[in-house]
Structure formats: structure tokens, C-alpha cells
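Bear in mind that the values here come from a model prediction, so they are computed numbers and not experimental data.
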Amino acid sequence: DFEATAHPRGHQVPRRTCPASATNRRTSAMCAARGQSSREQAGAEPAAERQRAAAVYSMGAPISRAHPAHALLARLGSRADQEQWSAYLPTLLRLPQTSRFARGARSSTDVSCADGDMEDGTPPSAGLIPIRGRVWTLAQQAHGCRWVQEAFHNAADQSERIALAHELKGHVLEASRCPHANHVLQKCIVMVPAEELRFIVDEVLAGGQAAQIVKHKYGCRIMQRLLERCSREQVKDVLEIVFADVASFCKHPYGNYVVQNILEKGACDDRHRMLIEILDCAVDLCTTPTGCVVVSSAFGALQRPGQQDLAAKLLEEPELLVTLSCMKQGASLVARIMDALPDLDRKRAVAMLSAEAEAIAASRHGRTVLQDLGIGHTAPGKEL
């Protein structure tokens, strides 16, 4: 015989039924008794064990961050102790939430989560986290760096922000290379008055690693914020380092962002000087993808006469236009060059590209350039 059994997803599932035998009844009764006994034994745990676990916590012993119960307890919140199955969890995990440390905590003075504060990076309620005196420690943590940024943002006045910023003294170089602390250092530069940022510039220059920081994945962000917030007098030495090797920075995957920042937001004299440097090495820069991006930014920073001069300089190299047409970053640069050229020079450039249409059409970026210029080409071969 079959009977319909309700399925959790709503549809009916047929289930075969059979008379309950004496053996089945005895087995069920034994399992129920065993489960009830285990629950009673777990519920009767001596208070001394919980006190010993609390003592371990007070000594700062960390819980394994990979324990799957963390995510479950974070979702349940205060309901965790109300569930019957919570008696089977490890003792340390069944302590009240007010005594559990947030991820990354190392001692009883570290960040603690109160009721309602999640361990998923959400900043705890105001007043529960002692940021002062622990800025650098928290800044190196994935969640702690967010709390420090919130502290900068919610500070009552500039004196509080300055006090937080001074705790980063001696750690600027390390923070500029840290995936977490670099965000804190950026927030510090943005929120603290410019005259209080001198120690950051001094540490960058004192270490003799300014050029390396400009080319670093996170350090380039620090340099951009300094150039945006500090006075010309404060960052003049940093600018000289960039101007000393413009071509190298333009070709670098991270250094080029600092150069573009100077072109877009620098002082008038610095922008003019950078444009001259780029114009001198423009042909060489166009041989690399990042260099093409910088030259394209230079077109945007120049007035119409300057754009024509730069386009004419690039047109002097017959094969350069063809090479740019086949590159992802170069294809957009070709469009800028064509827009800046006078009519006669533009016709000459179109003729150059038409003569090499078959080779250009082998690249999907080249086909886009030919289509935009209205140049016909034969069926492309194997795509590059």
C-alpha cells in the first residue's frame, strides 16, 4: 500500500507503508531514549566548565575562524541559546555573545561584539570599540580598517581626527603596501587638514622609496590622494621624482595613474610641464597599452592647437598608426588622432590605413577602426 506524504517543497511524494513490527517499535524507542539521554546530559553540563571556558576567553584565546558555527550563530543572534540543538555545540561557541570576540581580536582589550553586532564586518555600535590607541592594529585587519575609517568620518572635530592620524606615524610605508591599511591612510589624507599630513610625505621621502610607492598597486592610491590634498610646497619633492622619469611611470600599470592624476588635477604649471614631457616621448609611449592610455589623457588635457601638434607628431611615424589600430587601448587613441588632424593630414592618415587594411582587419580592434573610418577591407583571416 502507498500513502501520500507531504514534501517540504509542496508536492506529494508516495511512500510505501507497512505494519509496524515489534522490532521497529523497539528500535524507535531505543533511539528516542538515547537522544533524550544525550540532551539531558548536555543540558546538565557543570557550571565549572563554562567558567573555565570563560577564563580561556579572558586570556584572549582565539576561536578557529573557519568554524562553520560562526556563520550560524551570527544569523541566529540572541536566539542561539534558545535552540535545543545548541546544547551539542562546543562550549566556547555556546558562551553568551557579549563574551565572544570579533574576528581578528587577540586579547581582552581587542574589539568585542555586543548583542546585535554582526561578525561580518559591520561596524559595531558607537562606544563599544576603543579605536584610540589601537588605530594601527585595527587598520591591518579586514574588518578593523572599516571601523577606523568610520572613526575618522564620525569624529566630533578635527582634533580627534588628528589624534587618530598621529597613531599612523612610523607606519606609512607599511600602510601604503597593505591591502587594508591603505584605505585607512587614504581616509586619513582626505579627512585630516593638509597641514597635518606632513609626516606622511616625510616618511615616503625619508625611506627613499617614493618611486616604488608610485608604482605599487596600493601605494599609487596614496600618492594620488597626497597630490590632491597637499599644497604644492608639501609635495614638490614627490613631483620631482615623477618628472625625473615620466616615460617609465607612464608605461607602468600602476604608475600611469599618478601621471594621469597630475594631468587632470595638478596645478597649472605641473600640468603644462607634464604635457611637455609626454609630447617628447609620445611615440615611445604608444608602443605599450598603458602608454596609449596616458597619451589619450594628454589629448583630453590639451587645447585644440596642442592636440593638433601631438597628432602631427604621431603621424610622422607611418607604421605607428597601423600598430595602434590593432591594439585595444590604441584603437581609441586613433580616433582622437583623427579628430585632431586637419583635413589634409586626415586624408593622408586614412590613405595609410587603407594601404594596410588587410593586416589591420586581422584584429577585431582594427576592424572597428576601419569601420569607423569607412574603409573597406577583405574578409579577415584568423583573429589575433
Side-chain angles (χ1 to χ4, degrees), residues 135-136 139 152 158 161-282 284-285 288 290-291 293-295 297-298 300-302:
V135 170
W136 175 237
F152 273 105
Q158 289 292 10
R161 295 190 179 97
I162 294 173
L164 294 174
H166 285 177
E167 294 189 34
L168 295 174
K169 286 185 175 181
H171 305 290
V172 171
L173 292 179
E174 189 176 355
S176 65
R177 295 183 174 92
C178 177
H180 308 304
N182 83 88
H183 297 291
V184 174
L185 192 56
Q186 289 184 75
K187 178 65 75 171
C188 169
I189 295 172
V190 171
M191 301 296 296
V192 174
E195 57 270 16
E196 298 292 337
L197 301 176
R198 183 65 203 180
F199 76 93
I200 299 179
V201 180
D202 290 342
E203 289 190 35
V204 168
L205 296 174
Q209 302 182 46
Q212 289 83 352
I213 295 177
V214 173
K215 294 181 178 181
H216 192 269
K217 180 179 182 179
Y218 307 125
C220 67
R221 305 173 185 176
I222 305 303
M223 287 301 190
Q224 291 179 73
R225 301 294 86 78
L226 288 174
L227 294 176
E228 293 166 1
R229 291 277 294 135
C230 295
S231 65
R232 178 66 173 76
E233 182 65 23
Q234 286 178 296
V235 296
K236 63 179 182 179
D237 294 332
V238 174
L239 288 170
E240 290 301 323
I241 293 174
V242 178
F243 284 127
D245 196 4
V246 171
S248 175
F249 290 118
C250 289
K251 295 179 181 180
H252 195 271
Y254 301 119
N256 77 91
Y257 293 118
V258 177
V259 175
Q260 293 184 69
N261 186 277
I262 296 174
L263 288 175
E264 297 172 4
K265 303 177 182 179
C268 183
D269 292 341
D270 295 329
R271 293 201 306 269
H272 181 69
R273 182 179 175 183
M274 183 61 71
L275 288 171
I276 294 176
E277 296 286 348
I278 293 175
L279 186 62
D280 290 341
C281 59
D284 180 49
L285 294 181
T288 63
T290 53
V293 175
V294 173
V295 174
S297 297
L302 287 167

*Evaluate side chain to side chain contact (heavy atoms under 4.5 Å, CB included) for Ile222 paired with Gln186, printing each intermediate quantity in order.*
CA-CA 6 Å; Ile222 305 303; Gln186 289 184 75; 3.6 Å; yes
Do you know the tightest heavy-atom contact between [X] and [Y]?
X	Y	answer
Ala165	Val192	CB-CG2, 3.9 Å
Val172	Phe199	CG2-CE1, 4.1 Å
Ala298	Leu263	N-CD1, 4.1 Å
Pro193	Gln158	CD-OE1, 3.4 Å

Less than 4.5 Å apart, side chain to side chain, heavy atoms only: is that true for [X] and [Y]?
X	Y	result
Asn256	Lys251	no
Val293	Gln260	yes
Leu205	Ile241	yes
Val258	Phe249	no
Tyr254	Thr290	no
Leu226	Val238	no
Ile278	Val259	yes
Leu239	Leu227	yes

Find the distance between [atom1] ([X]) and [atom2] ([Y]) and round it off to the nearest 0.5 Å.
X	Y	atom1	atom2	result
Cys230	Glu196	SG	CD	11.5 Å
Asn261	Ser297	CG	OG	11.0 Å
Arg229	Ile189	CZ	CD1	9.0 Å
Cys188	Ile162	SG	CD1	9.5 Å

Using only atom types and a distance under 3.5 Å, with no angle test, would you say the side chain of [X] pairs donor to acceptor with the backbone of [Y]?
X	Y	result
Asn182	Cys178	yes
Arg271	Gly266	yes
Gln234	Leu197	no
Glu203	Gly170	yes
Arg225	Leu185	no

_Suppose the criterion is side chain to side chain donor-acceptor pair (under 3.5 Å): which pairs have a residue in residues 272-282, not counting sequence neighbours?_
Glu240-Arg273
*asked:* Strictly by side chain to side chain donor-acceptor pair (under 3.5 Å), give each pair with a member in residues 211-220 just once, sequence neighbours left out.
replied: Lys215-Ser248
*Look at Arg232 together with Asp270 and state whether they make a salt bridge at an N to O cut-off of under 4.0 Å.*
yes
_Salt bridge or not between Lys236 and Glu233? Use side-chain N to carboxylate O under 4.0 Å._
yes
_Given the ring of Phe152, does Lys187 sit roughly above its face, with NZ or CZ under 6.0 Å from the centre of the six-membered ring and within 45° of the axis?_
no
*Kindly assign one of parallel, tilted or perpendicular to the pair His171 and Trp136, based on the angle between their ring planes and the thresholds 30° and 60°.*
parallel
